[in-house]
Chemist: 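Take a look at the following structure, please.
Position 1 is the first residue of the sequence; numbering continues from there.
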Amino acid sequence: MIRPIAKSDTPAIAVLGERFWCESDTFSYFGEFDSVCAQRALYRGLANGSFLGWVSVGSNSEIEAFMVVASDKALWNESTILREVLWYADESKRGAAQAIRLFHTAHKYAVDNNYDHFIMTRIRGVSSYSKLDSFYERCGFRALEENYIKNLR
């Protein structure tokens, strides 16, 4: 079952978020995962409306996957953008129908709410995410840019 994220979901999402953190090399740039900070930021974003999203709930009523998006406007012409912030499914659930339905739910939300653009991302270097490029292309996305990061401290 797919349902909207509730503020009460933030602890469970933080648990999955930490799995993502360990799976990617995000920790090498941002340090250790801080569950309290992550929960606080997600809760605050959901409360003030800067974040919205959906969760996939399994038969055991546990959250198996989630997607968080943010609404934005393009600086150059104020076209509306729905931007994926986090999309994570446990490795055993990747490619499964419920994880893919999260994507389709967000896409439908963008279409139904007259957004001009829908932006999805992926972390490079995580081998289990390698199929995302072809998935996005099959869904009509084109790669626009890649991000590079440098630690300054």
Side-chain angles (χ1 to χ4, degrees), residues 2-10 12-14 16-21 23-31 33-56 63-90 93-153:
I2 303 292
R3 65 167 174 76
I5 287 178
K7 291 178 282 204
S8 60
D9 293 327
T10 57
I13 290 172
L16 291 175
E18 187 165 14
R19 288 185 198 159
F20 161 78
W21 195 266
E23 211 177 303
S24 70
D25 67 350
T26 305
F27 62 87
S28 64
Y29 299 100
F30 297 105
F33 185 83
D34 184 336
S35 181
V36 172
C37 182
Q39 289 178 58
R40 201 176 292 144
L42 181 57
Y43 187 93
R44 187 173 43 246
L46 292 169
N48 70 22
S50 59
F51 290 155
L52 64 130
W54 302 268
V55 293
S56 169
I63 295 173
E64 298 176 336
F66 65 92
M67 182 180 285
V68 176
V69 296
S71 184
D72 201 358
K73 286 197 175 204
L75 179 65
W76 48 89
N77 65 4
E78 293 198 359
S79 58
T80 55
I81 300 168
L82 190 67
R83 180 184 313 272
E84 174 252 339
V85 175
L86 301 162
W87 180 25
Y88 181 79
D90 186 78
K93 302 295 180 187
R94 286 189 199 138
Q98 288 297 89
I100 302 302
R101 281 192 196 116
L102 285 170
F103 165 82
H104 290 296
T105 299
H107 183 265
K108 183 178 181 339
Y109 179 88
V111 170
D112 290 351
N113 288 277
N114 298 312
Y115 280 85
D116 296 309
H117 307 282
F118 181 37
I119 297 177
M120 298 293 294
T121 60
R122 84 171 184 94
I123 301 292
R124 294 264 177 221
V126 181
S127 58
S128 62
Y129 297 175
S130 62
K131 294 180 181 177
L132 277 177
D133 288 334
S134 62
F135 171 76
Y136 290 153
E137 289 169 6
R138 282 193 315 274
C139 291
F141 287 76
R142 290 188 349 232
L144 177 62
E145 62 184 32
E146 290 191 26
N147 297 309
Y148 295 84
I149 190 166
K150 176 183 178 182
N151 283 337
L152 299 175
R153 295 177 199 203

Chemist: To the nearest 0.5 Å, how far apart are NE2 in His107 and CG in Leu102?
Modeler: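 Separation between the atoms: 14.5 Å.
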Chemist: Atom OG1 of Thr10 and atom CG of Leu46: how far apart are they, to the nearest 0.5 Å?
Modeler: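 It comes to 7.5 Å.
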Chemist: What distance separates Met120 CE from Cys139 SG, expressed to the nearest 0.5 Å?
Modeler: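 One finds 9.0 Å between CE of Met120 and SG of Cys139.
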Chemist: Given the rule in the side chain to side chain contact (heavy atoms under 4.5 Å, CB included) test, do His117 and Ser79 qualify, once you have shown the distances and angles that lead to the verdict?
Modeler: CA-CA 8 Å; His117 307 282; Ser79 58; 3.4 Å; yes
Chemist: If you take all heavy atoms of Gln98 and Ile2, which pair is closest and at what distance?
Modeler: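 Closest approach of Gln98 to Ile2, heavy atoms only: O-CD1, 3.5 Å.
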Chemist: Closest heavy-atom contact between Asp9 and Pro4?
Modeler: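 Closest heavy-atom pair between Asp9 and Pro4: OD2-O, 4.2 Å.
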Chemist: Measure from the ring center of Tyr109 to the ring center of Phe118 and say whether it is less than 6.0 Å.
Modeler: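 Aromatic pair excluded; centres sit 6.0 Å or further apart.
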Chemist: Assign the ring pair Phe135 / Trp87 to parallel, tilted or perpendicular, where the plane angle (0 to 90°) is split at 30° and 60°.
Modeler: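 Geometry flag for Trp87 against Phe135: tilted rings.
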Chemist: Side-chain donor-acceptor contacts of residues 36-43 below 3.5 Å, not counting sequence neighbours, with atom names and distances?
Modeler:
{"residue": "Gln39", "atom": "NE2", "partner": "Ser35", "partner atom": "OG", "Å": "2.9"}

Chemist: Name each donor-acceptor pair under 3.5 Å that joins a side chain in residues 67-76 to protein atoms two or more places apart or in another chain, with its distance.
Modeler:
{"residue": "Ser71", "atom": "OG", "partner": "Tyr115", "partner atom": "OH", "Å": "2.9"}

Chemist: Looking at Arg94 and Ala89, what are the two nearest heavy atoms and their distance?
Modeler: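 Result for this residue pair: NE-O, 3.0 Å.
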Chemist: Drop me the distance from Leu52's CG to Leu82's CG, to the nearest 0.5 angstrom.
Modeler: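 Result: 6.5 Å between the selected atoms.
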Chemist: Please evaluate residues Tyr88 and Glu64 with respect to the criterion side chain to side chain contact (heavy atoms under 4.5 Å, CB included), reporting the C-alpha separation (whole Å), side-chain torsions for both, the decisive distance (0.1 Å), and the verdict.
Modeler: CA-CA 9 Å; Tyr88 181 79; Glu64 298 176 336; over 6 Å; no
Chemist: Listed by chain and number, what are the salt bridge (Lys or Arg N to Asp or Glu O under 4.0 Å) partners of Asp34, not counting sequence neighbours?
Modeler: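 If we apply the salt bridge (Lys or Arg N to Asp or Glu O under 4.0 Å) test to Asp34, skipping adjacent residues, there are no hits.
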Chemist: In Å and rounded to the nearest 0.5 Å, what is the CG to CG distance from Leu16 to Asp90?
Modeler: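 It is 7.0 Å, given to the nearest 0.5 Å.
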Chemist: In Å, rounded to the nearest 0.5 Å, how long is the span from OG1 of Thr121 to CG of Leu86?
Modeler: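 Taking OG1 in Thr121 and CG in Leu86, the distance rounds to 8.5 Å.
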Chemist: Kindly give the heavy-atom pair with the smallest separation between Phe33 and Trp21, and that separation in Å.
Modeler: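 The pair with the smallest heavy-atom distance is N-NE1, 3.5 Å.
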